Every structure is written in C-alpha cells, then in structure tokens.
Number of protein chains: 2
Amino acid sequence: MKPALIRNGEQPGESETERAARLIRCAGARATPARVRVLRLLRSAPTALSHHEIEQSLGDLALDRVTLYRVLDWLVATGLAHRNADTRRTFRFSAASSSEHSAHTHFRCDGCGRVFCLDAAPPPPPKLPEGFLLSRIELDLRGRCAQCAGSAQ
Amino acid sequence: MKPALIRNGEQPGESETERAARLIRCAGARATPARVRVLRLLRSAPTALSHHEIEQSLGDLALDRVTLYRVLDWLVATGLAHRNADTRRTFRFSAASSSEHSAHTHFRCDGCGRVFCLDAAPPPPPKLPEGFLLSRIELDLRGRCAQCAGSAQ
DNA sequence: GGGTATCTGCAACTCGGTTGCAGATACCCG
DNA sequence: CGGGTATCTGCAACCGAGTTGCAGATACCC
C-alpha cells in the first residue's frame, strides 16, 4: 500500500527515510527516530535480521535493547514487518514487502542461522486435516549459505 | 524399574519399549530408562513435542530438566530425533521416522505453537543462489489447528 | 558380581526476550 | 511558535529456555 509518492526524491537517503516515516504515520504512530531507522534498515536488508544484527547495524547511535525490542514488536503488530524464529531459536525480522503474498520461500542456513528471502515460485496449495485454518504457506530450504559452505566446517 | 524381560515382543507396550532400547543400543549408547522413555514417547507422539510437554508427559517420574535436555540433544545428534524451533522460539522434538525423507511438510499453529507432521506430497525442487548447498526441504503451513481455531481467540 | 566409562542430578550460569516505571518527546492545538 | 499530553524511550530488574561443571550413581563388559 503505497500511494504514489509524494516528494520526488531528493537525496536517495532522505527519500527512503521519508518513506519509512510515512509508513509509520500511516500505521497510526509517531514517527520517532528509533522506528524510522529500524524500518529503513529492515527495508534495505537483503536477509531477515536478528535483534543483535540490527543493534550492530545501527552502530554507535544504537537504541536501548528494550526499545529495539519494542520497536520490532510494534512493526510486527502493525504488519510492517514479519518475525520468524530461526534454526537457533532467535527471532529474525524482515520488512513486509508491498508485493506481499501469503506464500514465501526462505533459505535457512544451518551454519550461521541467517535467513534469505528467495523469490522462488509459490508452492502448490495443500490439503489439511479437518478443522485446520491455513493463513500462510512457507517453503523452507535448509542447508548452508555460500559463505558457510565455503569455510570449512 | 522396568523389570526385565520379555524379549520378542509380547505386550505391545513392552514391545515398543524394547524397540526403543534396541535403537538406542544400536546407536552405540546405554539404554538407560531416561533415554528409553523419552524415545518411546517421541515415537508415539502425533506432533513434535516441546521440552516442557515431554516433562509433563513423563508425569511423576519426570527426569531432571537437564537430563532431559541432554537426552534430547543426544537423540538429535544420533539422528534418532529431529529438532525444530517453533513460532514461539522454543525447540520441538520429534522422532525420526524410518521412512525418513529430506522433504517434510509441517503445520505450525500460531495459536498454541504446536507442530503437526503431515504426509503431504513433497514440494518441487527449487533453484538456489550461487554457492548455496541444500540439505533439506520443508514445506511449512501456518495457521490455526482445529483446537485453536475452535476456541475463540 | 566387580570395575569403569557413561549417565544422572544438582547448582549455578548465559542469553534472548519481557515488564514496570520514571523521565523525555513527537505531535496536536491554540 | 510555544504548551500540554499521550506516546515513546531508557533503565533496572525479571523470566524462561537452554547450557556447563562436577560429584555421585549405574548400565554394561568382563
């Protein structure tokens, strides 16, 4: 849902920041630096990020641990982001894309735990036991990412 | 405990216990009551169980927390069981089946977190980024199980 | 039945995530 | 532009899942 936009970009950086801020306000909350920075980061990340990775990426101006958790929770609650537990049982967050679909394909690395979002074709619709409600399909590929496969293990 | 006996299955119960013990010995370890009981439980469970659920199921004669973790780790290490993080980021364990395949289909309930193993058809082979190694494919269905869908949420 | 490597149970610890509360601030409104 | 207030942030303390180290118990080999 992005209504066409508005200010045609000034600096690409500013433009993206503005967009994140707008998405947040649309969701009915204050566009605080914490939220804007986190959402912008998620939107530009190629993989789903863990709490720890996000903290690192924010660098020196890192937020308080708790604030970051709350920002992430809020993003997930409003649907601006998704949350998944990785193979090492830590949560990973990714921005919800506009081309959001209920079927997703991920690659989960058994080495480093990272999650890569693939564009692969959506899997076929399955049949479920009686009474079960389906809300989302996810195809999960497990193995080692290029980096982990390269290094001896 | 577990008075001896009866090799060559008679009572179905005993038989299953004996089988679990044999699997454990085959894997090169001692068939202690702790391991036998846990493996037997996993093998008879319809869904993947959490550490907590296993503790409950063992009832009064429950093992020490740590022992249970170690038994589970050992089962996973030897390949007799599988471990998965559920949507609430706790590990769930299931017995490895003899008809083991590298492609699996699970239903994960967003309500209670339980994981159901379905026999659904294996998904089609995907294409991966350069350098990635695939070891396993898993089709993940998300939604609500019959029980959680039934109760108001 | 005895000896010993392997297991078990206890206690203390780590780590990811959560809760409560006081102080700060984005945003509405005049 | 400045003030008031509901919303956010940061701190500190907490919780629950999982892990580690070690002393005592025990399955299994002989």
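Computed from a predicted model, the values in this text were never measured in an experiment. Below, chains carry the letters A, B, ... as their sequence lines are ordered, and counting in each starts from 1.
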C:dG16 base / A:R65 side chain donor-acceptor hit below 3.5 Å: no
Round to a whole Å and report the spacing from CG of A:L72 to P of D:dC8. 15 Å
Answer with yes or no after comparing the ring centroid distance for A:Y69 and A:H51 against a 6.0 Å cut-off, counting only values under it. yes
Counting any heavy atom closer than 4.0 Å, what does B:T67 reach on the DNA or RNA strands: base, sugar-phosphate only, or nothing? base
Rounded to whole Å, how long is the line connecting atom CZ of B:R88 with atom C1' of C:dT18? 15 Å
Please check if any side-chain donor atom of A:R114 sits under 3.5 Å from a side-chain acceptor atom of A:T47, or the reverse. no
Round to the nearest Å and state the distance from A:D73 atom CG to C:dG17 atom C1'. 9 Å
For B:F91 and C:dG17, give me the distance from atom CZ to atom P, rounded to whole Å. 12 Å
Measure the distance from CZ on A:R35 to C1' on C:dA24 and round it to the nearest whole Å. 14 Å
Donor/acceptor link under 3.5 angstrom from B:R89 side chain onto base of D:dA17: no
Rounded to whole Å, please give me the gap between CD in B:E55 and P in C:dT8. 15 Å
Taking 4.0 angstrom as the limit, do B:D140 and B:R108 come out as a salt bridge? yes
Using whole Å, what does the distance between atom P of nucleotide D:dA17 and atom CG of B:L49 come to? 15 Å
Mind checking A:H51 for me? I need base, sugar-phosphate or nothing, with any heavy atom below 4.0 Å counting as a touch. sugar-phosphate
Give A:T32 one of three labels, base, sugar-phosphate or nothing, depending on what nucleic acid heavy atoms sit under 4.0 Å from its own. sugar-phosphate
Does the cation-pi check pass for B:R83 over B:F93, that is, NZ or CZ under 6.0 Å from the six-membered ring centre and within 45° of its axis? no
Sidechain N-carboxylate O distance under 4.0 Å for A:E138, B:R142: yes
Are B:V115 and B:V76 linked, directly or through intermediate hydrophobic residues, by side-chain heavy-atom contacts shorter than 4.5 Å (ILVMFWY only)? no
For D:dA13, which nucleotide is its Watson-Crick or G-U wobble mate, given both distances must be under 3.5 Å? C:dT18
Within the 4.0 Å heavy-atom criterion, would you say A:R70 contacts the bases, only the backbone, or no part of the nucleic acid? base
Checking C:dT8, C:dA26, D:dT19 against the side chain of B:V71 (C-beta onward), the nearest is C:dT8
Sugar-phosphate, base or nothing in reach of A:R25, heavy atoms under 4.0 Å: sugar-phosphate
If you check every side-chain atom of B:R30, which of D:dT19, D:dT5, D:dT26 has the closest atom? D:dT26
Name the pairing partner of D:dA6, where a pair is Watson-Crick or G-U wobble with both distances under 3.5 Å, or state none. C:dT25
Could you say whether A:A34 or B:R83 is positioned toward the 5' end of DNA chain D, judged by the nucleotide with the nearest heavy atom to each? A:A34
Without decimals, in angstroms, what is the distance between B:N84 CG and D:dA17 C1'? 16 Å
Nearest listed nucleotide, side chain of B:D64, among C:dC10, C:dG17, D:dT26: C:dC10
Phosphate OP1/OP2 of D:dG18 contacted by B:Y69 side-chain N/O (<4.0 Å): yes
